[in-house]
Protein chains: 4
Amino acid sequence: MTNNSDIQESGKRELLLEGALKVFSEKGFHGATVEEVAEVAGVGKGTVYLYFGSKTDLFVSVVEEKLKELKGVVKERLKDLEGARAKLAESIKLHWEFFNQSREFVKVILSDLSGLERELDERTREARAGFIGVIESVIEEGIMTGEFKDVEPRMAAYAIEGAISFVAFENLVNDKSSPSIPDASQLVDFCLCGLCRLG
Amino acid sequence: MTNNSDIQESGKRELLLEGALKVFSEKGFHGATVEEVAEVAGVGKGTVYLYFGSKTDLFVSVVEEKLKELKGVVKERLKDLEGARAKLAESIKLHWEFFNQSREFVKVILSDLSGLERELDERTREARAGFIGVIESVIEEGIMTGEFKDVEPRMAAYAIEGAISFVAFENLVNDKSSPSIPDASQLVDFCLCGLCRLG
Amino acid sequence: MTNNSDIQESGKRELLLEGALKVFSEKGFHGATVEEVAEVAGVGKGTVYLYFGSKTDLFVSVVEEKLKELKGVVKERLKDLEGARAKLAESIKLHWEFFNQSREFVKVILSDLSGLERELDERTREARAGFIGVIESVIEEGIMTGEFKDVEPRMAAYAIEGAISFVAFENLVNDKSSPSIPDASQLVDFCLCGLCRLG
Amino acid sequence: MTNNSDIQESGKRELLLEGALKVFSEKGFHGATVEEVAEVAGVGKGTVYLYFGSKTDLFVSVVEEKLKELKGVVKERLKDLEGARAKLAESIKLHWEFFNQSREFVKVILSDLSGLERELDERTREARAGFIGVIESVIEEGIMTGEFKDVEPRMAAYAIEGAISFVAFENLVNDKSSPSIPDASQLVDFCLCGLCRLG
DNA sequence: CATGAATGAGATTTCATTCAT
DNA sequence: CATGAATGAAATCTCATTCAT
């Protein structure tokens, strides 16, 4: 949809996104080569450029895709919940599950994109913003209903995102095959109530 | 005959570390070139390899150096404080100041090093762990004194580190010349007490 | 059952030659892509290879076609003329008109085909030679009748061809929408009488 | 002087220009590879980019260099001559000698540069114009002194240039080891007096 | 006959690293 | 110790050509 939009639905685009996710996750943006992505996707090198404008476009597309996916899941699940607290808890839980399900993806998110072309950088930022926007909304809602304190919603959202990402990343680099904290409840508690024991 | 060790006392190493910090911060690991670092440091390109084994070694050294520095500062300041709460608050504050003082450094910390040589990767991890260890200790102390809940200290430390980093990063990519939240008090409150209104 | 030869009478070949002329003229041999030629011709990319052996073959065919066409036109017009002088003048005029009618074609003629496959190179050379042969014959005739000096006919023909081509090309690269010398009379005079003022 | 101006005088630049002249002459711009040029020049591939910004820059530099050289030679020789006629004759002679001395260079001059970057295209045009300017001046002089007819000087200059180039090229593609017309006198006569027998 | 998705050889260019001075 | 000219491995991307439909 980025480059050549009218290509027959052969599923190659999906194959490529999957392969790219895998390779970028393992090696990061710069460590990965287009050739390897193509190989993993089971297509020729040139085919990549039939579906994506450049290596960077491919990368950004992977990020967009995944974040959009998560955003969708989160929004869907929040519909049935009442109360900002419950919603935030659920968001964090889903987020956590997502990161532990396709764990290497954290590395993709944290990948060094300094020096990307403006437009693509923009797209990454937007995808991230869109995704974080969901959490931001929940926080805003909580502030309105009085459940949450009067914080800067965006800041809080990024703080939460950061907390989840870093814990997930830590799990990852320590090569634990399963996360050291098995469920998200500790993170939920941390975000909602902080570290301090209540008065 | 001021100094007879085989450590060159010409100060070039320091010059290089400074230059590298600046350039890596601006362009990230992959965006930076050894040549530019040498230029900024005011030395020849070949000189880099007299003091550092490789570009990566230089990069890792910068990270180590900076994290060690911050670790030292934090430890020093914590000595005079009483109570894990106060100590954690101070840690966060210093951390925040650090990130906003040499703001671009966040990018360095988050830089994509996937696929690095094992040894160097190890050193980065250790530097980070050592640095985070300070916060971890404070948390452990708080748990013991009953100030903090009985959380997994490492997880909590990473959550805090992540929260700070992401908020700082968000400030960065939005090109705000000054951070949107001017001091760290909101972050401190978030980490200590969470989002929920008490009672 | 209009035509039973194995020559496809769908007109695609002609369409392709036309499209190729246009595209090669605009972008030169190397700047043009087979895909664009096919697009302009309104056929599929693969179709090109049904009618031509390769991109180069297509290119050479265009040259052949056009030069043959011009050769035909010139020969036809010369039939009714008397005297080598008049014939040469008419040839130059037609040549000039041709170059200014499909002006970009000069670029095609001058296009860099170095390193072409021998066979194709040969064909270009022959086409050019055949085309120039007309002028050569006129010159030979003029020498016999005593109208022209006893020059090497081929050399003279190439000199004339070069003079016309370069002036046309100069017009082209200077982006003049109409040639700076509107008719060929100056060129005719140059070729017939040279620069020097008589006696 | 194009890219990195302050490189020690190791003679590599000259080596590269020579190698490039040779390779571009044999294979044309597109047929030549940077690697081969480097090989012929006896340097590494990367070295090319130390002295020239790109393959195209290298190519244009060769053209500039050679045309400037010829221009210089012509100007020098014309100084001692009297009369536009004699000057033009000498110019043509030198031109002819030049083309037959480094004969393959014609192909370089005629090379297909469609689609070059604007700036470089400009440089080629200017080099050519500067070179042809010499002939143009001579023609202007001749017109003023009454030796030549009142033609458009630029057109005449290009016509002459074209005549010489095409004859030289014809010699070349026919693989004659020595030119079919050994000296330039026929060309001189053609340009000065045309084909027609006087009176 | 016609198509265009797929391919992969091949070209340019960058840049970490070396080493002669 | 210091330098920076030289190198060449490696990566991205293009595009003529093929072939299954």
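The analysis underlying the following values was restricted to heavy atoms, covering all of them including side chains, and did not include hydrogens, waters or symmetry mates.
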ask   = Between C:L15 (CG) and E:dA2 (C1'), how many Å, whole number?
value = 14 Å
query = Tell me: CZ of C:R13 to C1' of E:dA2, nearest whole Å?
reply = 17 Å
message = Looking at C:T47, I'd like to know whether one of its side-chain N or O atoms comes within less than 4.0 Å of OP1 or OP2 on E:dT3.
response = yes
task = For C:K55 and for B:V43, find the nucleotide of DNA chain F with the closest heavy atom, then tell me which residue's nucleotide is more 5'.
result = B:V43
message = Distance criterion of 3.5 Å, no angle test: do you see the side chain of D:K45 paired donor-to-acceptor with the base of E:dT13?
response = yes
task = Could you please name the option among E:dT13, E:dC15, F:dA16 that lies closest to any side-chain atom of C:T33?
result = F:dA16
key: Plane angle bin for B:F29 and B:F59 - parallel if under 30°, tilted between 30 and 60°, otherwise perpendicular   = perpendicular
ask   = What's the CD-C1' distance between A:E39 and E:dG8, to the nearest Å?
value = 12 Å
Between CG on residue A:L21 and CD on residue A:E26, distance to nearest 0.5 Å = 10.0 Å
key: Any A:K12 side-chain N or O less than 4.0 Å from OP1/OP2 of E:dA5   = no
ask   = Who does E:dC15 pair with, Watson-Crick or G-U, both distances under 3.5 Å?
value = F:dG8
inquiry  = With nearest nucleotide decided by heavy atoms, which residue, B:A32 or D:A32, maps closer to the 5′ end of DNA chain E?
reply    = D:A32
message = What is the distance, to the nearest angstrom, from the CG atom on D:L16 to the P atom on F:dA6?
response = 9 Å
message = Counting only side-chain nitrogens and oxygens, does C:Y49 get under 4.0 Å of the OP1 or OP2 atom of E:dA2?
response = no
A:Y49 side, atom OH; A:D57 side, atom CG - distance, nearest 0.5 Å = 10.5 Å
task = Give none if F:dA20 has no partner; otherwise give the nucleotide forming a Watson-Crick or G-U wobble pair with it, both distances under 3.5 Å.
result = E:dT3
task = Find the distance A:F52:CZ to E:dA6:C1' and express it as a whole number of Å.
result = 15 Å
query = In whole angstroms, how far is the C1' atom of F:dA16 from the CZ atom of C:F24?
reply = 11 Å
query = Tell me: CG of D:L50 to C1' of F:dT7, nearest whole Å?
reply = 10 Å
key: Residue closer to the 5' end of DNA chain E, B:E35 versus C:G44 (nearest nucleotide)   = C:G44
inquiry  = So, OP1 or OP2 of E:dA5: does either fall under 4.0 Å of a side-chain N or O from A:Y51?
reply    = no
task = Report the distance from atom CD of B:E36 to atom P of F:dG4, rounded to the nearest whole Å.
result = 16 Å
query = Ignoring hydrogens and geometry, is there a side-chain-to-backbone donor-acceptor pair from D:K27 to D:T33 under 3.5 Å?
reply = no
task = Look at D:R125 together with D:E122 and state whether they make a salt bridge at an N to O cut-off of under 4.0 Å.
result = yes
ask   = If you find the nucleotide of DNA chain F closest to D:G46 and the one closest to B:V48, which residue's nucleotide is nearer the 5' end?
value = B:V48
